[in-house]
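Letters A, B, ... are given to chains in the order of the sequence lines, protein chains preceding strands, and every chain is numbered from 1.
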Amino acid sequence: MNFELVAASNNSRARAGVLTTDHGKIETPIFMPVGTAGTVKGIHTRDIKDDIQAQIILGNTYHLYLRPGMDVIEKAGGLHKFNLWDRPLLTDSGGYQVFSLGDIRKLSEAGAKFQSHIDGSYHQFTPESVVDIQRTIGADIMMAFDECTPGGADYDYAKKSLELTQRWLDRCFAQFNKTGPKYGYNQSLFPIVQGSTFAGLRKIAAANVKTFDADGYAIGGLSVGEKEEVMYEMTELVTADLPENKPRYLMGVGTPVNILESIDRGIDMFDCAMPTRNGRNGMLFTSEGTINIRNKKWENDHSPIDVNGASFVDLYSKAYLRHLIISNEMLGAQIASQHNLAFYLWLVKTARRKIIEGSFSGWKNEMVPKFKQRL
RNA sequence: GGGGAGUUUCCAGAGUGGCUAAAUGGGGUAGACUGUAAAUCUAUUGGCGACGCCUUCGGUGGUUCGAAUCCAUCACUCCCCA
C-alpha cells in the first residue's frame, strides 16, 4: 500500500492524497460507506460504485464472524467475491462492538468475551483471532483490535483502557507479521489512537502508534458523546503528531460539518453509519441543509430531494420520498440512504478539489453554516 | 315476525359505580440517531386564561354524595331463526 500527498491547504492542515491498494486507488479525503454485514444497507453494489461513486467500503469483523461465519466467507473466496465489491475494503475489528454491546461483553487481558446478539451464544475475540478473521474476510485495510473507550470515561479508566489497547496492538502486529494474506493481494493493518478526551493520553497514544511502521493510522474513541469542540481538539492534537506521509482515518465520524472540520484538521478518511441509518429513519443531508423528510411541511413539496443532484435518486420529489418513508415502503429507505451516501461522497470529492485548487478554507466556511441548517 | 349482541376519545378496542380525560394497538405530530444489537427508539396526541378549570364514553330523563359504568326510554348498527 502506498500513500502519496498531492496537495495541501496553505492555511489549514487539510490535504489531498492518493492511497493505492491492490484493489485500486482511493482519492483522499474520502468517505467510506459502512457495510457492516457485507452490505451497505439497502444499496446495490452497482449503485455504490457507479452512482454513489464510493471508492472503498467497510465490513465488520464481529458481524461477519457471527453471520454468515468465516467458513462461508472463506469458501466464497473472501468478502470481495461474496458481495461482488471489487474495490478496496476495510474491516473494523469489533473494537466498536466492545463499546456498543455494553453488558453482553466482558473484557479481559486476553481479549473480549461476547455474547452473540443473535442467539446469546458465547464467543471470545482476541487481538490474534481478530487479525485472523480479517485475513479471512480479505480486507485491504484491517483494523487493530481496540477498546473504544466510552465517552465520559474518567482519567483512570481512560488510561487503563488505552494501555490495554496498546498491549493488544502489540499482539495484533505480531499476529499480522506472522500470517499472510489468503487471496493473493496485500493487506494492511491500521493501529488506532485512543485516549478518550485527555490530551496527555492522546499524545501518548499517538507516539505509541508511530512505533509501528503502519500504512495508515486511525483515531478512535471520538464522537461517543463528548462535545464537538472536544472532538475537534483531540483530532487536531493527534494529527499534529501522526506522520505526514501516511493516511489518517477518523473512525465513526460523522456529520457533514464534522467531516469538513476534520478534513481541515488533517484527516483523510472517514466512515459513519449516519448517512444510511439516519437516512432510513427519514433524515436527509442535502446541499441546502438537513431535513426530516417525515415532517408535514414536505407533504406537498414536489421539488427534487436535492437540486445538487449527486445521485439519480435526487430527481425524486420530497413529497414522494416522504410518502414512501411514511408508508414504510422499502424504496423510501433505499432512496434516502442512496441520496445521503451520494451527498457524502460529493462532499469529500468537492473538498478534495477545493484543497487542490487552494480554496478549501473559504469554501468550508461557506458550507458549514449551510449544512448546520435544519430545513 | 321471533331471538340475541352492540353503540367509548381520529380509527380499532379495553374499561361495567369513585384510583378514568379514560388501558393497549394503529394513525397523527415532533424529536433522537456519529468505527450499525437500529427499516429503530423516545415524547406527545379532548379544550383552555394549564400544578387548576371546562367539555367528552349514541340521545333524553332518572337513581346516587359520586355514572362511560346502574335504571327507564328513544335512535341507530350487526348476527341468527322464520
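Cation-pi geometry between A:Lys210 and A:Tyr217 is not satisfied (NZ or CZ under 6.0 Å from the ring centre, within 45° of the ring normal).
Among the heavy atoms of the strands lying under 4.0 Å from A:Gln194 is at least one base atom, whether or not backbone atoms are also near. A:Ser116 comes within contact range of no nucleotide atom at all, as no heavy-atom separation falls under 4.0 Å.
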Heavy-atom protein contacts under 4.0 Å, nucleotides 26-34 of chain B, coded B base, S sugar-phosphate only, - none: --SSBBBBB
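The glycosidic torsion of B:C11 lies more than 90° away from 0, which places this base in the anti conformation.
Spacing between atom OH of A:Tyr62 and atom P of B:A37 amounts to 8 Å, rounded to whole angstrom units. Between A:Leu64 atom CG and B:U36 atom C1' there is a gap of 12 Å when expressed in whole angstrom units. Taking atom CE of A:Met32 as the reference point, atom C1' of B:G35 lies 8 Å away to the nearest angstrom. Between the CG atom of A:Leu101 and the P atom of B:G35 there is a distance of 14 Å, rounded to whole Å. Atom CZ of A:Phe125 and atom P of B:A37 are 12 Å apart (whole Å). A straight line from CD1 of A:Ile325 to C1' of B:U40 spans 13 Å, rounded to a whole angstrom. Across the protein-nucleic acid pair, A:Tyr344 atom OH and B:U36 atom C1' stand 14 Å apart, rounded to whole Å.
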Side chain to side chain donor-acceptor pair (under 3.5 Å) between A:Asn60 and A:Tyr65, intermediate numbers included: CA-CA 8 Å; A:Asn60 183 277; A:Tyr65 159 83; over 6 Å; no
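Nucleotides B:U64 and B:C71, compared at atom P, are 15 Å apart to the nearest Å. B:U24 and B:A14 have their C1' atoms separated by 7 Å, with the value rounded to a whole Å. Nucleotides B:A67 and B:A21 have their C1' atoms positioned 15 Å apart, rounded to a whole Å.
In this structure, B:A12 and B:U24 make a Watson-Crick or G-U wobble pair, each of the two defining distances being under 3.5 angstrom. The base-pairing partner of B:G17, taking Watson-Crick or G-U wobble contacts with both distances under 3.5 Å, does not exist among the strands shown. Pair assignment for B:A30 gives B:U42, based on Watson-Crick or G-U wobble hydrogen-bonding distances that are each under 3.5 Å. In this structure, B:A75 and B:U7 make a Watson-Crick or G-U wobble pair, each of the two defining distances being under 3.5 angstrom. With a cut-off of 3.5 Å on both Watson-Crick or G-U wobble distances, the partner of B:A82 is given as none. B:C70: Watson-Crick or G-U partner is B:G62, with both key distances under 3.5 Å.
With no hydrogens or angles considered, no side-chain donor-acceptor pair links A:Tyr316 and A:His339 at under 3.5 Å. Donor-acceptor pairing under 3.5 Å is lacking for the side chains of A:Asp92 and A:Tyr62. Side-chain atoms of A:Lys182 and A:Thr136 form a donor-acceptor pair, as typed in the model, at a separation below 3.5 Å. Between the side chains of A:Asn186 and A:Ser188, no donor N or O sits under 3.5 Å from an acceptor N or O.
Centroid-to-centroid, the aromatic rings of A:Tyr183 and A:His80 stay 6.0 Å apart or farther.
Side-chain N/O atoms of A:Thr276 and base N/O atoms of B:U36 include a donor-acceptor pair closer than 3.5 Å.
Taken to the nearest 0.5 Å, the CD atom of A:Glu236 stands 13.5 Å off from the CZ atom of A:Arg202.
Residue A:Met143 is the one, among A:Asn328 and A:Met143, whose nearest nucleotide of RNA chain B lies closer to the 5' end (criterion: closest heavy atom).
Between A:Thr126 and A:Trp168, the closest side-chain pair of non-hydrogen atoms is not below 4.5 Å. Counting only heavy atoms from C-beta outward, the side chains of A:Lys349 and A:Arg352 never approach each other to under 4.5 Å.
Near RNA chain B, defined here as any heavy-atom distance below 4.0 Å, the residues from residues 33-60 of chain A are A:Val34, A:Thr36, A:Lys41, A:Leu58, A:Asn60, listed numerically.
Between A:Gln97 and the phosphate of B:G35, there is no side-chain N or O to OP1/OP2 separation shorter than 4.0 Å.
The neighbour count for A:Lys49 NZ, taken as heavy atoms of other residues, nucleotides or ligands under 6.0 Å away, is above 12.
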